[in-house]
Amino acid sequence: SYDITLKDSTGATIWTRRADPVGDSAAALDAALRADLASTSGAALIGSLQSGAGAVSRTLDSRAKDTVYLLDFVPTNLHASIADGTMTTNLVPYLRAAVDSRVGGITVILPIGTTYATTLFYAGKNGVHIKGQGFAASKYKFVNAAGGTVFAGDADTTSSLAQYESCSFTDFEVVTSGNAATDPSIVVDLTSFSYSTFDLEIECRRVGATLYYGQGNAGTAPYYNRITSTGLFGGTDRTQTAFKFRSGLFSGGSNGPNANIVGPITRAANLAVLTDIRSGQGNLFNNISAESIDGGYFVLGGESAIDTGTSTGTNTDITLNDTGKAWTSAAFVNGAVQITGGTGSGQVRTIRTNTSTGLTLNEPWSTVPNATSQYSIFALTCSKNKFVNLRGEGLSSLNPDWIYSSPGADGNEFLFQSVESLGSGQYVVDYSGSVKNNWFGANKQILTFTFASPGASANLNAQPRNGVF
């Protein structure tokens, strides 16, 4: 007898078999080798050497495990229905198994075809990357009559302050189930993500659904996420919102999301609202083209009032008093107050500071409130966000506002806008009370003229010189 041995390029033995020259025919030896190569450890018997100086020898088994495919964890009898789009088995447990197959970060490749889901998939750790093989090739279909969320950072989407970083969901479509009643309520919940990337094409038709939702988490999170897309689509009823940011709604939550970058968005369409940013600071929305928006393109501010009451009077043109209160001094700095009833109703002014019973304003009242005036106080929640390179075009039958701003919005800026077909909607509806919001960017020039002691009944003629305005 003799030994048949396979060795790699370093001379190490990777396979051996004792052969009997009498009892073992060439066909039997060939069959035995084929069986070993076809086994689950067969790839470990085949060597591989990458081209290029310095490359080291590895087995095909080692190389194959560098990349994890979802299909590696899905029973083979389900593969055909994934490929042809007829899958009706929830694949989230298999995706969870794939992600958990590595202790640390991991990239899982979705198959060509349709990944079917009925429950939430959450990252659960840093460095989770879910990657498709192209928008037209890899599709993710979520079906649940109760709605729910498709992707999140944490399994707990109602109270967790956990944060997961350096994750990504890219290069695949989240497609409608074909029935609006079984589409998700939220596609991506950003609340537990920071420093992460999202590049998805999304269509969601559920009534009132949100494509990207985020609320303030611990500290200033969620922050520094990047969101891009070739397409964000609602249903023909146009009741969906593309981006919805809120202040933290559960214990420990804070103002946010902050410093996220949204764009380019190649096309957003068939939505009630493009961006509903009630909360958040320093977010950048750039290179966005949208059309067929029914309610409003950019909605800013408007979180719930943090206090209400009726003035006790003795107000001046820059104060509002309520002697029945016991406020913490300076608690409302940079917030806003709105007169909601009585004398001066409808006025909104930003707050410079406050005492235990009075507010001091940044700008004077047009009509000084009195003891009949009811008021609401709002915190500063939506500030210093920038909106750059924007295009809006709609159907003549729709009447959206381009910008709708409520109390709590301050210091936001819009630059380089092309707006068409607002119907009877308005370019700006501003209830923020702030003079620091810049709705027109470089299209608006503010000129200040000072006249020193002009004298009684003097005729004044103010004209800019040496410039075009």
Side-chain angles (χ1 to χ4, degrees), residues 117 130 132 134-142 147-152 168-178 180 183-191 193 196-214 222 225-246 257 260-278 280 283-300 385 387-395 398 400 402-403 417-421:
I130 307 301
F135 293 137
S138 297
K139 299 179 180 181
Y140 197 100
K141 180 186 289 187
F142 181 95
T149 301
V150 183
F151 301 118
S168 67
F169 294 74
T170 60
D171 299 317
F172 61 94
E173 296 180 42
V174 180
V175 298
T176 177
S177 64
D183 275 3
S185 306
I186 296 172
V187 178
V188 179
D189 188 337
L190 300 168
T191 304
F193 286 112
S196 295
T197 300
F198 303 86
D199 185 12
L200 304 173
E201 187 171 294
I202 300 174
E203 181 179 11
C204 181
R205 300 178 184 176
R206 190 179 191 90
V207 174
T210 300
L211 308 190
Y212 282 94
Y213 173 84
N225 295 299
R226 183 174 181 86
I227 302 168
T228 61
S229 181
T230 58
L232 299 175
F233 305 104
T236 55
D237 62 341
R238 300 186 184 92
T239 62
Q240 299 76 25
T241 299
F243 298 96
K244 184 179 290 185
F245 290 178
R246 295 290 185 268
N260 298 283
I261 298 177
V262 177
I265 305 296
T266 306
R267 186 184 183 210
N270 287 343
L271 300 163
V273 178
L274 177 61
T275 63
D276 185 359
I277 313 302
R278 297 191 187 183
N283 297 290
L284 173 61
F285 294 81
N286 70 102
N287 298 304
I288 298 175
S289 179
E291 58 187 64
S292 300
I293 307 299
D294 197 12
Y297 284 83
F298 301 97
V299 178
L300 308 180
N385 300 291
F387 302 81
V388 183
N389 291 341
L390 311 171
R391 173 188 173 271
E393 180 181 355
L395 301 175
L398 302 180
W402 180 249
I403 300 169
Q417 308 160 72
S418 173
V419 186
E420 302 176 22
S421 305

A.B. asks: Applying salt bridge (Lys or Arg N to Asp or Glu O under 4.0 Å), name anything that partners R226, two or more places apart in sequence or on another chain.
C.D. replies: none
A.B. asks: Under 3.5 Å, sequence neighbours excluded: what are the donor-acceptor pairs made by side chains of residues 260-267?
C.D. replies:
{"residue": "N260", "atom": "OD1", "partner": "Y224", "partner atom": "N", "Å": "3.4"}
{"residue": "N260", "atom": "OD1", "partner": "N225", "partner atom": "N", "Å": "2.9"}
{"residue": "N260", "atom": "OD1", "partner": "N225", "partner atom": "ND2", "Å": "3.1"}
{"residue": "N260", "atom": "ND2", "partner": "P222", "partner atom": "O", "Å": "3.2"}
{"residue": "N260", "atom": "ND2", "partner": "N258", "partner atom": "O", "Å": "3.2"}
{"residue": "N260", "atom": "ND2", "partner": "N283", "partner atom": "OD1", "Å": "3.1"}
{"residue": "R267", "atom": "NE", "partner": "E291", "partner atom": "OE2", "Å": "3.4"}
{"residue": "R267", "atom": "NH2", "partner": "E291", "partner atom": "OE2", "Å": "2.9"}

A.B. asks: Identify, with sequence neighbours excluded, every residue that meets side-chain contact (heavy atoms from CB on, under 4.5 Å) alongside D276.
C.D. replies: T241, K244, R246, V273, R278, V299
A.B. asks: Return the set of residues passing side-chain contact (heavy atoms from CB on, under 4.5 Å) with P184 (not counting sequence neighbours), or none when no residue passes.
C.D. replies: F142, V150, V187, C204
A.B. asks: According to ring pair (Phe, Tyr, Trp, His ring centres under 6.0 Å), who are the partners of Y213, at least two apart in sequence or on a separate chain?
C.D. replies: none
A.B. asks: From L200 CG over to L211 CG, what is the distance, rounded to the nearest 0.5 angstrom?
C.D. replies: 10.5 Å
A.B. asks: Which residues pass the salt bridge (Lys or Arg N to Asp or Glu O under 4.0 Å) test with R238, not counting sequence neighbours?
C.D. replies: none
A.B. asks: Mind listing the closest non-hydrogen atom pair of G132 and F172 along with its distance?
C.D. replies: N-CD2, 3.7 Å
A.B. asks: Of all residues at least two apart in sequence or in a different chain, which pass the side-chain hydrogen bond (donor to acceptor under 3.5 Å, both in side chains) check with S185?
C.D. replies: none
A.B. asks: Tell me, please, which residues at least two apart from N286 pass side-chain hydrogen bond (donor to acceptor under 3.5 Å, both in side chains).
C.D. replies: none
A.B. asks: Under 6.0 Å between the ring centres of F285 and F298?
C.D. replies: no
A.B. asks: V419: what forms a side-chain contact (heavy atoms from CB on, under 4.5 Å) with it, not counting sequence neighbours?
C.D. replies: W402, Q417, L422, Y427
A.B. asks: Partners of S292 by side-chain hydrogen bond (donor to acceptor under 3.5 Å, both in side chains), sequence neighbours excluded?
C.D. replies: none
A.B. asks: Just to verify, what does F198 make a ring pair (Phe, Tyr, Trp, His ring centres under 6.0 Å) with, not counting sequence neighbours?
C.D. replies: F169, F193
A.B. asks: Apply side-chain contact (heavy atoms from CB on, under 4.5 Å) to E173 and list each qualifying residue two or more places apart in sequence or on a separate chain.
C.D. replies: F135, K139, V175, E201
